[in-house]
There are 2 protein chains.
Amino acid sequence: MSPSHQNPIPAQKENKLPPWLSIYRTLKSEILTDELADDDRLPSEKQLCSRFSVTRMTVRRALDALQREGLVTARKGSGVYVNAKPTCYEINSGRRFIENVATHGYSVETKTLSVSRVSARADIAEKLGIKRGTRLVAIKRIRIIGGKPAFLNFKWMPAKRFPNFNKIYKINQSVSQVYGEHGIEEYHRVETRVSGGRATDDEARHLQLEVGAPLIRSQSLNSDSDGNRIEFSQGSWPLDSVEFIFPQD
Amino acid sequence: MSPSHQNPIPAQKENKLPPWLSIYRTLKSEILTDELADDDRLPSEKQLCSRFSVTRMTVRRALDALQREGLVTARKGSGVYVNAKPTCYEINSGRRFIENVATHGYSVETKTLSVSRVSARADIAEKLGIKRGTRLVAIKRIRIIGGKPAFLNFKWMPAKRFPNFNKIYKINQSVSQVYGEHGIEEYHRVETRVSGGRATDDEARHLQLEVGAPLIRSQSLNSDSDGNRIEFSQGSWPLDSVEFIFPQD
DNA sequence: CAGTGGTCTAGACCACATG
DNA sequence: ATGTGGTCTAGACCACTGG
């Protein structure tokens, strides 16, 4: 063995790209040009090693980058697979959720995970313009689009305003129907906020993600036609699955 | 040398935590409990190796996890530093960028990375309502807030509309001044879109993130007071650094 | 200059899935 | 049983920073 473990060919000094980066780019372009199609298995790490004349660690560095970008998924004992291109739902802030998604031809299913009474947390109380500790109706739901869990949703509403919430909601799990039965025919969006975050245990479980996986969260505040705030809603989406659209002016 | 390179103590089978994970958790708790304060330098990788009795690769696996979470930042040749708890900038869609951030008391610096002429890509042409291939002015900038790269920004504008772009922009790197000098006193936001994504090479380099790090991207379209679309703009933010606020109705 | 993180070689053992 | 990815050891050279 020579004293150096380095490549005996020290590579062109002009080519200053780290090997892992050029491997990454090569594989990425093969994925994006469909030389590697959706759900295809990549060559094994060992095969990639000999193809690119590097060790496994260098190949893995490139695969890690692809995986973080969501282009591939590694399955232990099986291989590394090309991910189907992420489905991205367009959420237009001017319309109701169901209209946003249904118009794109997806089947939407809503599963109510819980309906409960809680005391208002400080942040929610402030949004709704009520006192901290006021009784709220809290519902937790998961939206399933095309058979895949897509969206975890919490809503909080002043309980006093909706005495018959449970009875009416039970019928077809429609919040807007609850509103209608309580004399709220029209309501509108006051504000929407969009931010990033990392999946909590709860979010990860329901959305079938890893704990700490990147997310997009939306928060929105609705009021009735008299300007009374009636609902604060939060949603959590997998990072790559949604685009929010805000038409303005 | 023994035929095995493995640790001679094969570790308790009960403790099934991978070493890198327990190192990660140890360091994370030291950061979160302020044993390691903001801007502190962590012990060097070599020191951590001896502290935890592992090789550098194992330490680096743990540091990578911390870095992806945004808890620490590695500086080549210098060390690994604890990040100040993430600052989240509120971006209110009704106002200009500089107003959004400056009102929160941050210093904002803008660095123009390039100003060029390009042919309109199909997607940008569609947004701007022009033909594909039309000449555009493209600018690429990085916003530096409180000394840290915070926001990578691209803008595309029809070149024909701004014959003196370079000359005017050079003066104080102000796009709105370019607009003013070309007779556009007022312009307004037509639409904003917010979505998630993963850092490209370019984004990672400028925002000092890993390739594939989670991002929030915003796209916005501006038009002049006659409704002519004059600018398509895209921004990329580290996931945890921004909250978009959209007042509505 | 010495020290740091970034990258890489050349092996190894393990848990897991069944190409 | 074989092959896969997940993890690890024990070194090495490089570019960069100014601890």
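Letters A, B, ... are given to chains in the order of the sequence lines, protein chains preceding strands, and every chain is numbered from 1.
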Visitor: Between A:Phe246 and B:Phe244, is the ring centre distance below 6.0 Å?
Guide: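 Distance test on ring centres: not under 6.0 Å, no.
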Visitor: Using the ring pair (Phe, Tyr, Trp, His ring centres under 6.0 Å) criterion, which residues pair with A:Phe52? Sequence neighbours excluded.
Guide: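 For A:Phe52, no residue satisfies ring pair (Phe, Tyr, Trp, His ring centres under 6.0 Å) once neighbours in sequence are set aside.
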Visitor: Quick one: which of C:dG5, C:dT9, D:dT7 gets closest to the side chain of B:Val80?
Guide: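 Within the option list, the nearest is C:dG5.
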Visitor: Taking only residues two or more places apart in sequence, or in another chain, which ones meet B:Tyr169 in a ring pair (Phe, Tyr, Trp, His ring centres under 6.0 Å)?
Guide: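 Partners of B:Tyr169 by the ring pair (Phe, Tyr, Trp, His ring centres under 6.0 Å) criterion, ordered by chain and then number, come out as B:Phe165.
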Visitor: Please compare B:Pro43 and A:Tyr81 by the position of their nearest nucleotide in DNA chain C and report the one closer to 5'.
Guide: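 Result: B:Pro43.
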Visitor: Evaluate salt bridge (Lys or Arg N to Asp or Glu O under 4.0 Å) for A:Asp64 paired with A:Arg61, printing each intermediate quantity in order.
Guide: CA-CA 5 Å; A:Asp64 277 357; A:Arg61 181 79 174 81; over 6 Å; no
Visitor: Taking atom P of C:dA2 as reference, at what distance in whole Å does atom NZ of B:Lys46 sit?
Guide: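 Rounded to whole Å, this separation is 12 Å.
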Visitor: Can you measure A:Gln47 atom CD to C:dG19 atom P for me and round it to whole angstrom units?
Guide: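 One finds 15 Å between P of C:dG19 and CD of A:Gln47, rounded.
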Visitor: In whole Å, I'd like the distance from the CD atom of B:Glu45 to the P atom of D:dA12.
Guide: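 Going from B:Glu45 (CD) to D:dA12 (P), I get 17 Å.
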Visitor: Do B:Arg51 and B:Thr26 come close enough that some side-chain heavy atom pair is under 4.5 Å?
Guide: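 Result yes, sub-4.5 Å side-chain heavy-atom pair found.
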Visitor: Are there any protein N/O atoms within less than 3.5 Å of an N/O atom in nucleotides 1-3 of chain D, and if so, which ones and at what distance?
Guide:
| unit_1 | atom_1 | unit_2 | atom_2 | d |
| --- | --- | --- | --- | --- |
| D:dG3 | N2 | A:Gly77 | O | 3.0 |

Visitor: Under a 4.5 Å cut-off applied to non-hydrogen side-chain atoms, are B:Lys155 and B:Asn153 in contact?
Guide: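 Touching, per the 4.5 Å side-chain cut-off.
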Visitor: In whole angstrom, give the distance that lies between atom CZ of A:Arg75 and atom P of C:dT18.
Guide: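 To the nearest whole Å, that distance equals 9 Å.
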Visitor: Do A:Arg56 and D:dG6 have a side chain to base donor-acceptor pair shorter than 3.5 Å?
Guide: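 A donor-acceptor contact between them is present.
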Visitor: Nearest-Å distance, CZ (B:Phe52) to C1' (D:dC8)?
Guide: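 Taking CZ of B:Phe52 and C1' of D:dC8, I get 16 Å after rounding.
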Visitor: Does B:Tyr24 have any ring pair (Phe, Tyr, Trp, His ring centres under 6.0 Å) partners at least two apart in sequence or in another chain, and if so, which?
Guide: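 Ring pair (Phe, Tyr, Trp, His ring centres under 6.0 Å) list for B:Tyr24, sorted by chain: empty.
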Visitor: Run the salt bridge (charged side-chain N to carboxylate O under 4.0 Å, His left out) test against A:Arg217 and tell me which residues pass, sequence neighbours left out.
Guide: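 A:Arg217 satisfies salt bridge (charged side-chain N to carboxylate O under 4.0 Å, His left out) with A:Glu203 only.
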Visitor: At a heavy-atom distance below 4.0 Å, what parts of residues 57-67 of chain B sit against DNA chain C?
Guide: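 Contacting residues: B:Arg60.
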Visitor: A side-chain contact here means heavy atoms from C-beta on lying under 4.5 Å apart; do A:Leu48 and A:Leu27 qualify?
Guide: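 Yes, at least one pair of side-chain atoms sits under 4.5 Å.
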Visitor: How many whole angstroms separate atom CD1 of A:Ile23 from atom P of C:dT7?
Guide: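 Atom CD1 in A:Ile23 sits about 13 Å away from atom P in C:dT7.
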